[in-house]
Amino acid sequence: MKRTIFETEHEQFRETVRAFLIKEAVPHTADWESAGLVDRKFWSAAAAHGMVAFSAPEEYGGAGLRDFRFNAVIDEEIVRTGAVGDGFSLTNDIVLPYYLDIATPQQQERWLPGITAGDTVIAIAMSEPGTGSDLRAIKTTAVRDDGGWRLTGSKTFITSGIQADLVIVAARIPEDDGGGFGLFVVAAGADGFEKGRKLDKIGRRAQDTAELFFADVFVPDADVLGEPGSGLHYMMGNLAQERLSMAVVATASAEYALETAVAYASERTAFGKPIGSFQANRFTLAELSTKVSIARVYIDRCIAAANAGELTAAEAAGAKFWTTELEFEALDTCLQIHGGYGYMEEFEVARRWRDARVQRIYGGTNEIMREIVGRSLGL
Ligand SMILES: Cc1cc2nc3c(=O)[nH]c(=O)nc-3n(C[C@H](O)[C@H](O)[C@H](O)COP(=O)(O)OP(=O)(O)OC[C@H]3O[C@@H](n4cnc5c(N)ncnc54)[C@H](O)[C@@H]3O)c2cc1C
């Protein structure tokens, strides 16, 4: 079915992004996967091509484009080209909105130029060793001190944690200091802020994921995002776009898997016939094709709703769980269609299958997504 949400400018942007990724990212896949990091020089080059934080205002180096279709184009092209690293979706779709929506003009003036130039890598730290799904149970605490706050606690599974220059840290505020949760921006190198292990993951190996430790780290008032005490409200507000971003990636990934599976099923023969001609495989791929088309229509509608400020938390949660499960089904089918070759690292489907697994876990697990949808039904 023809897609209708994009205009000429988005398609032109897509061409630029695709050409850039094919030239500057795809050839480095193996190196970045074994290093466990994406080269920072690549990040600066991507920024120079207008792919980093383009929704920031022009006076701070962005393009002032708050149009999620541009975000979607980058997310889709990462999938299409097979480029690795989650830096774009993390920066553009997930973390940057905090700096655009809650930061004061003075904070924006200090932080955004570095972010848009690709010099400042950003991350967000909500999850902790003891809790991920239940954000209200976080133990990292911020207590009042002269002119600021003292932050103590630890975080884990933080994407870009090793490379991050600025980390938004979610922390509990004791009742005596106002209660609620706050968002505190901590710079790499701050006294008492330590980066722990780069975690060893089964997939998404080019993306660094880290533990972070905070021991009595002083955060001046000037580095608090928004109202202290309203952090949970800000996080809930931004999580819909985070989940849409994951759904966009998942849908593009399911499309890739379907195309790859169909191509292989047409070429590979067994018992003297293409394997796709066996009814078992033909039916499997027919069902998958139908589900992928339905997902595409729904996700495009979600992108349009997000742009109109109408995407609800429940719609985003439903999009996230349904498409990430479809993504895994599609990649698993694609792998199965490849037989033994599908299990070999030299076939790209193997890496994509490993990489996709976490989509059902992060950004809120798919069980939590079902809870959100269920609650929206009044249950
Ligand atoms: C690669 C990777 C990158 C990540 N990046 C970040 C990041 O940048 N920043 C960040 O803050 N976090 C990040 N996370 C953390 C991620 O968001 C959490 O792992 C996730 O929210 C789940 O939390 P948990 O791991 O503590 O699992 P738990 O909350 O302990 O859940 C364990 C299991 O219990 C289930 N469960 C929990 N509560 C319920 C319930 N009410 N009903 C039914 N089932 C339930 C869950 O669905 C899950 O299956 C990342 C994680 C990974 C793996």
Side-chain angles (χ1 to χ4, degrees), residues 33 36-38 84-98 121-140 151 153-172 181-186 188 195-214 225 231-232 234-236 238-243 245-247 249-250 313 316-317 320-321 324-325 327-328 351-376 379:
E33 288 246 306
L37 292 168
V38 171
V84 290
D86 298 334
F88 293 105
S89 54
L90 178 78
T91 303
N92 298 333
D93 307 354
I94 298 173
V95 189
L96 186 70
Y98 289 90
V121 171
I122 53 179
I124 185 156
M126 298 181 262
S127 306
E128 300 190 350
T131 189
S133 300
D134 183 6
L135 278 182
R136 286 184 177 81
I138 61 177
K139 291 212 168 85
T140 298
L151 202 62
S154 57
K155 298 286 178 181
T156 194
F157 305 141
I158 306 310
T159 305
S160 290
I162 298 289
Q163 290 194 323
D165 301 294
L166 288 180
V167 183
I168 299 174
V169 183
R172 156 185 305 283
F181 296 86
L183 297 178
F184 301 86
V185 178
V186 180
K195 297 181 175 187
R197 285 184 301 142
K198 178 149 65 62
L199 300 168
D200 192 8
K201 308 191 293 296
I202 60 171
R204 296 186 117 85
R205 291 187 181 149
Q207 186 62 48
D208 87 69
T209 308
E211 294 175 313
L212 304 176
F213 302 99
F214 305 88
L225 278 183
L232 208 54
Y234 300 136
M235 286 186 277
M236 294 305 154
N238 280 350
L239 282 170
Q241 179 161 311
E242 170 166 352
R243 287 162 187 161
S245 168
M246 289 166 184
V249 168
K320 193 263 180 183
F321 88 68
T324 56
E325 282 166 23
E327 172 186 27
F328 199 72
R351 172 177 65 75
R352 289 187 185 241
W353 180 80
R354 279 196 274 106
D355 286 355
R357 184 62 184 84
V358 75
Q359 287 258 85
R360 288 155 56 196
I361 297 170
Y362 61 20
T365 66
N366 283 5
E367 290 71 39
I368 297 298
M369 296 304 99
R370 284 175 167 83
E371 277 294 322
I372 294 171
V373 176
R375 266 182 260 139
S376 78
L379 301 171

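Note that the numbering runs from 1 along the sequence shown for the chain. Order of appearance sets the numbers: ligands from 1, and atoms from 1 within every ligand.
Each salt bridge (Lys or Arg N to Asp or Glu O under 4.0 Å) pair with one or both residues in residues 129-138, not counting sequence neighbours, would appear here, but there are none.
Taking CD1 from Ile162 and NZ from Lys198, the interatomic distance works out to 7.0 Å, rounded to the nearest 0.5 Å. Of the inter-residue distances, the one linking Leu212 atom CG with Ser154 atom OG reads 9.0 Å to the nearest 0.5 angstrom. Atom CZ of Phe88 sits about 11.0 Å away from atom CG of Asp86, to the nearest 0.5 Å.
Each of Ile372, Val373, Thr365 was compared with Met369 under the side-chain contact (heavy atoms from CB on, under 4.5 Å) criterion, and only Ile372 meets it.
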Test Thr140 against Glu128 for side chain to side chain donor-acceptor pair (under 3.5 Å), laying out the working first.
-> CA-CA 8 Å; Thr140 298; Glu128 300 190 350; 2.7 Å; yes
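When heavy-atom distances to ligand 1 are checked against 4.0 Å, the residues falling inside are Ile124, Ala125, Met126, Ser127, Thr131, Gly132, Ser133, Phe157, Ile158, Thr159, Lys201, Val358, Ile361, Tyr362, Gly363, Thr365, Glu367, Ile368, ordered by chain and number.
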